[in-house]
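Please read the structure below before turning to the comments.
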Amino acid sequence: MINITLPDNSVRQYEQGVTGLDIARSISEGLARNVLSVKVNGEVWDATRKINSDARVQLLTWEDAEGKETMWHSSAHLMAEAIEQLYPGSKFGIGPAIENGFYYDIDLGDRVLTEAELAEVEKRMLQLAREKQQFVREEVAKTEALRYFTEKGDEYKIELIGDLQDGTITFYKSGTFTDLCRGPHLPDTSFIKAVKLTSIAGAYWRGDEKRKQLTRVYGITFPKAKELEEYLALLEEAKKRDHRKLGKELELFTFSQNVGAGLPLWLPKGAQLRERLEAYLKKVQKEAGYQPVITPHIGNVNLYKTSGHFEKYGSDSFRPITTPVEGEMFFLKPMNCPHHCEIFAHKPHSYKDLPIRYAEFGTVYRYEQSGELHGLTRVRGFTQDDAHIFCTPDQIKDEFKGVIKIIMRIFKALDFKDFITQISLRDPNNPGKYIGSEENWSKAERAIIEVAEEEGLNAIAVEGEAAFYGPKMDFMVRDALGRKWQLGTIQVDYNLPERFDLYYIGSDNEKHRPVMIHRAPFGSMERFVAVLIEHCAGKFPLWLAPEQVIILPISEKYQNYAQKVLSYLQNSDIRALIDERSEKTGRKIRDAELRKIPYMLIVGEKEELEGTVSVRRQGEGDLGTFTMEAFAARIQEEVAIIHQEQ
RNA sequence: GCCGGUGUAGCUCAGUUGGCCAGAGCAGCUGAUUUGUAAUCAGCUGGUCGGGGGUUCGAAUCCCUCCACCGGCUCCA
């Protein structure tokens, strides 16, 4: 007998060789029907795998992330089986579970798989699922594994096996499909009740652009048909929040082929919104001791040779700008730091001057690959809310802290709760690829980690993700469809001060190298606004809304009174307008709701007589009658929230 | 850049076995209506069918090519 400890710390005794499924059955039949896999001493196993010694066991179902992962990983196998049957000779790369579903990379030979054909694959998958095929785990020797895939002619699997360290190699068989796989898997395919193959894409083998491109098929499965429907409905809802759709509907920005791909045109309302964000950040930065600077959009090629950007990225940027002078070349600036370095260098600095913080909403241009462009989140010309802090190594920690405070203040003001903080550190196995002294690096890395803890950030530290010039901290937010975008960033840089030979005079009257911190709380105005739109689904907080109030006169008879209300509001610094159309009130309300204007004021005979307004809040409905003064006060109070937080 | 998909009026979309002057709703304009919490009625205007080339007696529809957009991959200063 062995002792099995369950998550509630109860201990049960079972025969040696008991499986997760057996344990589930001993608790209840219902549970047994829902067990997808089992966690044994922290490792996820097949629910059908024998447990031979005392263990801590957790049964995993659809409710657990690991349960879903098992489901989706098995679904990838099921899809591979279906594809192998439908398109014999297909070779398989990797087929993992992902955040929402799974994919499999497949070499279909000369065959081109189109989206129309996915329905066939889905059908076959459901057929096979109903066959209740068992997933059979089998331990094989490396030579045997190689022999199997050599016979099959699947060079991808051979390569994968070749890379495996010794230890146990396992195969999983289900139906007619055998795969190299660590597992775990479902007990059988019948758990998969609903299948949706969502898209088809090219993916380079092992993520290497120079290697063969395989066909990647994405899909998702569910244990109940209803859950698939719900998932698809959720996707539909998310699409309504897409900033590209809302940006068009709300007339915030547009693109023109005549201007060029990836070059956004901000429409009046979008520009207003952006200017308000900029004004807000300028105010916050002024309080935090930043000094504004302004630099031109182009720079001499020599500037980028000095900074090292020319060598590294010159070929991927917009082509150089030439002049009447033979050999003279300028580049559209891909970043602001070289310019700011020159500003720092324009005169000598004392240690007493540090830290120096130069801030600029600097517009930069980068020739992103055409396939990468994406609404406002990935463009070729964008404005960073950039600043560069020049400080001593000892000041890094405080400066980091100051920047984090600004970022948190902004995120809080805009109600960004779900963000990911990532600290990027050196790769400890490859110290040679970084510039800067060991001492400075560890000092900076320690400072960042400490600040993150002190500020209560739930940051994840990732080794090997640092830039060659310094460690950094990034803030990432998801869009409506769950894609992660990097917004704010704080980066320590030992490289540019070196390259630009920047120095300050220390108390010892000697020259010292300052450290540079690049930072951008929004990241870029374009990307930030995009994510903001998706976050609030176009219903901006009142202080940001391009139009705050719309006055809806019941009929033309009340135009004069509407004008009077308008003047009153405008004098109170409230952004208002009148819907003067000869339409019914219901129509005006509907249109204002769709325009997502926060407040609607209905004015007619009653209001004119009393000097009041009937207030309707977008998305909420009728709030009752207010005097003009009371309404204006309410608005001002709501707007003032942004100025009160600290 | 690569793989797959899409491109018809300002917007959302009909229109493919190739065939009369390419359609609808919304928006816009004109007029009527004078309206009380999510669409008043009527008339009118508006389209190089993404661009270019080709096949054909005839192309929105078939072929080639370029561009843009969508979903991914790679990349990301």
Side-chain angles (χ1 to χ4, degrees), chain A residues 98 103 105-106 108 112-118 198-218 239 242 244-245 248-249 251 254-262 304 307-310 312-314 316-317 333-338 364-375 378 380 382 384 386 467-469 481 483 485-486 489 491 493 495-496 518 520 524 552-559 581-595 600-607 614-625:
Chain A
I98 52 175
Y103 68 78
D105 285 346
I106 307 154
L108 294 157
V112 174
L113 188 62
T114 65
E115 286 183 14
E117 291 168 289
L118 293 182
T198 45
S199 71
I200 193 161
Y204 300 105
W205 171 233
R206 312 206 101 177
D208 185 343
E209 206 175 358
K210 291 179 189 66
R211 303 194 67 177
K212 186 167 170 141
Q213 191 165 51
L214 307 179
T215 303
R216 176 173 294 180
V217 182
Y218 285 88
K239 277 188 196 152
D242 191 313
R244 292 165 297 189
K245 181 176 152 69
K248 193 184 275 182
E249 286 171 5
E251 299 185 336
T254 189
F255 289 90
S256 158
Q257 288 194 33
N258 299 322
V259 175
Y304 301 109
S307 70
H309 293 116
F310 177 76
K312 215 166 164 119
Y313 302 107
D316 298 328
S317 70
K333 68 176 172 187
M335 74 289 302
N336 305 298
C337 22
V364 298
Y365 300 89
R366 303 174 185 180
Y367 194 81
E368 303 292 352
Q369 297 189 81
S370 59
E372 258 313 318
L373 302 175
H374 185 98
R378 197 68 187 276
R380 285 178 172 162
F382 57 96
Q384 296 178 313
D386 214 354
F468 73 93
Y469 52 77
L481 288 169
R483 290 175 289 227
W485 295 99
Q486 183 194 307
T489 182
Q491 307 180 3
D493 187 350
N495 180 44
L496 285 183
H518 309 248
S524 80
L552 312 178
I554 297 290
S555 82
E556 280 168 22
K557 287 184 224 158
Y558 311 107
Q559 281 296 351
R581 294 174 306 165
S582 163
E583 293 287 352
K584 291 179 146 180
T585 306
R587 175 54 180 275
K588 292 182 182 180
I589 286 170
R590 178 185 155 79
D591 288 346
E593 287 279 347
L594 292 176
R595 282 165 74 180
M600 287 151 262
L601 300 184
I602 292 112
V603 295
E605 188 177 2
K606 184 167 81 86
E607 289 77 10
S614 282
V615 180
R616 182 187 165 99
R617 173 89 213 200
Q618 199 273 347
E620 289 173 28
D622 196 351
L623 298 183
T625 305

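Protein chains get the first letters and strands the later ones, always in sequence-line order, with residue 1 at the start of each.
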ask   = Are any of the side-chain heavy atoms of A:P334 and A:Y365 separated by less than 4.5 Å?
value = no

ask   = Under 3.5 Å, is there a donor-acceptor pair between the A:T625 and A:E607 side chains?
value = no

inquiry  = Heavy atoms only, 4.0 Å cut-off, all strands: where does A:R216 land among base, sugar-phosphate and nothing?
reply    = sugar-phosphate

query = Do A:I589 and A:M600 come within less than 4.5 Å of each other through their side chains, counting heavy atoms only?
reply = yes

task = Please state how far atom CD in A:Q369 lies from atom P in B:rC2, giving the value in whole angstrom units.
result = 10 Å

ask   = Given B:rA77, B:rG4, B:rG36, which nucleotide is nearest the side-chain atoms of A:S614?
value = B:rG36

message = When you compare the side chain of A:R595 with that of A:E249, does any pair of heavy atoms fall below 4.5 Å?
response = no

request  = Dot-bracket for RNA chain B, please, read 5' to 3', with Watson-Crick or G-U wobble pairs under 3.5 Å on both distances, ( ) within the strand, [ ] crossing, | other strand, . unpaired.
outcome  = (((((((..((((.....[...)))).(((((.......))))).....(((((..]....))))))))))))....

message = Using the side-chain heavy atoms of A:K248, tell me which of these nucleotides is nearest: B:rC76, B:rA77, B:rC11.
response = B:rC11

ask   = Is there side-chain contact between A:L601 and A:S614, with heavy atoms separated by less than 4.5 Å?
value = no

inquiry  = With a 3.5 Å distance limit and no angle check, can you tell me whether A:E593 reaches the backbone of A:G619 through a side-chain donor-acceptor pair?
reply    = yes

query = Looking across every strand, which nucleic acid part, if any, lies under 4.0 Å from A:V112 by heavy atom: base, sugar-phosphate, or nothing?
reply = sugar-phosphate

inquiry  = Distance check, P atoms only: B:rC13 and B:rC70, in whole angstrom units.
reply    = 14 Å

inquiry  = Give me the distance, rounded to whole Å, that separates B:rU30 from B:rG46 when you measure between the C1' atoms they each carry.
reply    = 15 Å

ask   = Can you check the A:K245 NZ to B:rC11 P distance for me, whole Å?
value = 13 Å

Listing time: all N or O pairs from protein to nucleotides 30-33 of chain B that are below 3.5 Å?
| from | atom 1 | to | atom 2 | distance (Å) |
| --- | --- | --- | --- | --- |
| B:rU33 | N3 | A:S582 | OG | 2.6 |
| B:rU33 | O4 | A:S582 | OG | 2.8 |

remark   = Between CD1 of A:I554 and C1' of B:rU34 the distance, given in whole Å, is 10 Å

Distance, rounded to the nearest Å, where A:E368 contributes CD and B:rC73 contributes C1' = 15 Å

ask   = Does the side chain of A:R244 get closer than 4.0 angstrom to OP1 or OP2 of B:rC69 through an N or O atom?
value = no

request  = Using a cut-off of strictly less than 4.0 Å, decide whether A:H374 has a side-chain nitrogen or oxygen near OP1 or OP2 of B:rG72.
outcome  = no

Rounded distance in Å - CD (A:Q491) to P (B:rA77) = 8 Å

query = At under 4.0 Å between heavy atoms, what does A:G604 touch on the DNA or RNA strands: base, sugar-phosphate, or nothing?
reply = base

message = According to ring-ring contact (aromatic ring centres under 6.0 Å, His included), who are the partners of A:F255, at least two apart in sequence or on a separate chain?
response = none

ask   = Residues two or more places apart in sequence or in another chain: which of them pass ring-ring contact (aromatic ring centres under 6.0 Å, His included) with A:Y469?
value = A:H518

For atom CD1 of A:I106 and atom C1' of B:rG4, their distance in whole Å = 13 Å

Report, one pair per line, the protein and nucleotides 24-29 of chain B atoms (nitrogen or oxygen only) whose separation is under 3.5 Å.
| from | atom 1 | to | atom 2 | distance (Å) |
| --- | --- | --- | --- | --- |
| B:rA27 | OP1 | A:R587 | NH2 | 2.1 |

remark   = 5'-most contact on RNA chain B (nearest-nucleotide basis), A:T198 vs A:E593, goes to A:E593

message = Starting the side chain at C-beta, find the nucleotide from B:rA77, B:rG71, B:rC69 nearest to A:A201.
response = B:rG71

task = Test A:Y218 against A:R216 for side-chain hydrogen bond (donor to acceptor under 3.5 Å, both in side chains), laying out the working first.
result = CA-CA 6 Å; A:Y218 285 88; A:R216 176 173 294 180; 3.2 Å; yes

query = Counting only side-chain N and O atoms of A:R483, is one of them less than 4.0 Å from OP1 or OP2 of B:rG71?
reply = yes

Non-hydrogen side-chain atoms of A:D591 and A:R581 separated by less than 4.5 Å = yes

inquiry  = Say we look at B:rU12 and B:rC69: how far apart would their P atoms be, to the nearest angstrom?
reply    = 15 Å

note = Whole-Å distance, A:D208 CG to B:rC2 P, equals 16 Å

ask   = Hey, does the side-chain of A:Q213 have a donor or acceptor N/O within less than 3.5 Å of a partner on the base of B:rG1?
value = no

Side-chain touch A:V364/A:F382, heavy atoms, less than 4.5 angstrom = yes

task = May I ask you to verify whether the side chain of A:Y204 and the base of B:rG1 hold a donor-acceptor pair under 3.5 Å?
result = yes

message = Distance to the ring centre below 6.0 angstrom and angle to the axis at most 45 degrees; does that hold for A:R380 and A:Y367?
response = yes

message = Do A:M335 and A:R366 make a side-chain contact, defined as non-hydrogen atoms from C-beta onward lying under 4.5 Å apart?
response = yes

ask   = Given side chains that start at C-beta, do those of A:L113 and A:I200 come closer than 4.5 Å, heavy atoms only?
value = yes

message = I want to verify a distance call: between B:rA38, B:rU37, B:rC3, whose nearest atom is closest to the A:D622 side chain?
response = B:rU37

ask   = If the C1' atom of B:rG71 is compared with that of B:rC62, how far apart are they to the nearest Å?
value = 27 Å

query = Can you check whether A:S370 has a side-chain N or O nearer than 4.0 Å to OP1 or OP2 of B:rG1?
reply = yes

query = When rounded to the nearest Å, what value does the distance between C1' atoms of B:rG18 and B:rA38 take?
reply = 45 Å

request  = In whole angstrom, give me the gap between the C1' atoms of B:rU56 and B:rU45.
outcome  = 35 Å

request  = Could you please name the option among B:rC76, B:rU37, B:rU35 that lies closest to any side-chain atom of A:K584?
outcome  = B:rU35

query = When rounded to the nearest Å, what value does the distance between C1' atoms of B:rA42 and B:rG4 take?
reply = 48 Å

Side chains of residues 552-559 of chain A: which donor-acceptor pairs under 3.5 Å do they make with residues two or more places apart or in other chains?
| from | atom 1 | to | atom 2 | distance (Å) |
| --- | --- | --- | --- | --- |
| A:S555 | OG | A:K557 | N | 3.2 |

C1'-based separation of B:rG52 from B:rG5 [nearest Å] = 22 Å

task = Would you mind telling me which of B:rU37, B:rC69, B:rG1 lies closest to the side-chain atoms of A:E209?
result = B:rG1

request  = Would you kindly check whether a donor in the side chain of A:Q257 faces an acceptor in the base of B:rC67, or vice versa, at under 3.5 angstrom?
outcome  = no

query = Rounded to whole angstrom units, what separation is found between the CZ atom of A:R616 and the P atom of B:rU37?
reply = 10 Å

task = Using a cut-off of strictly less than 4.0 Å, decide whether A:Y218 has a side-chain nitrogen or oxygen near OP1 or OP2 of B:rC73.
result = yes

Residue-phosphate contact under 4.0 Å: A:K588 side-chain N/O, B:rA39 OP1/OP2 = no

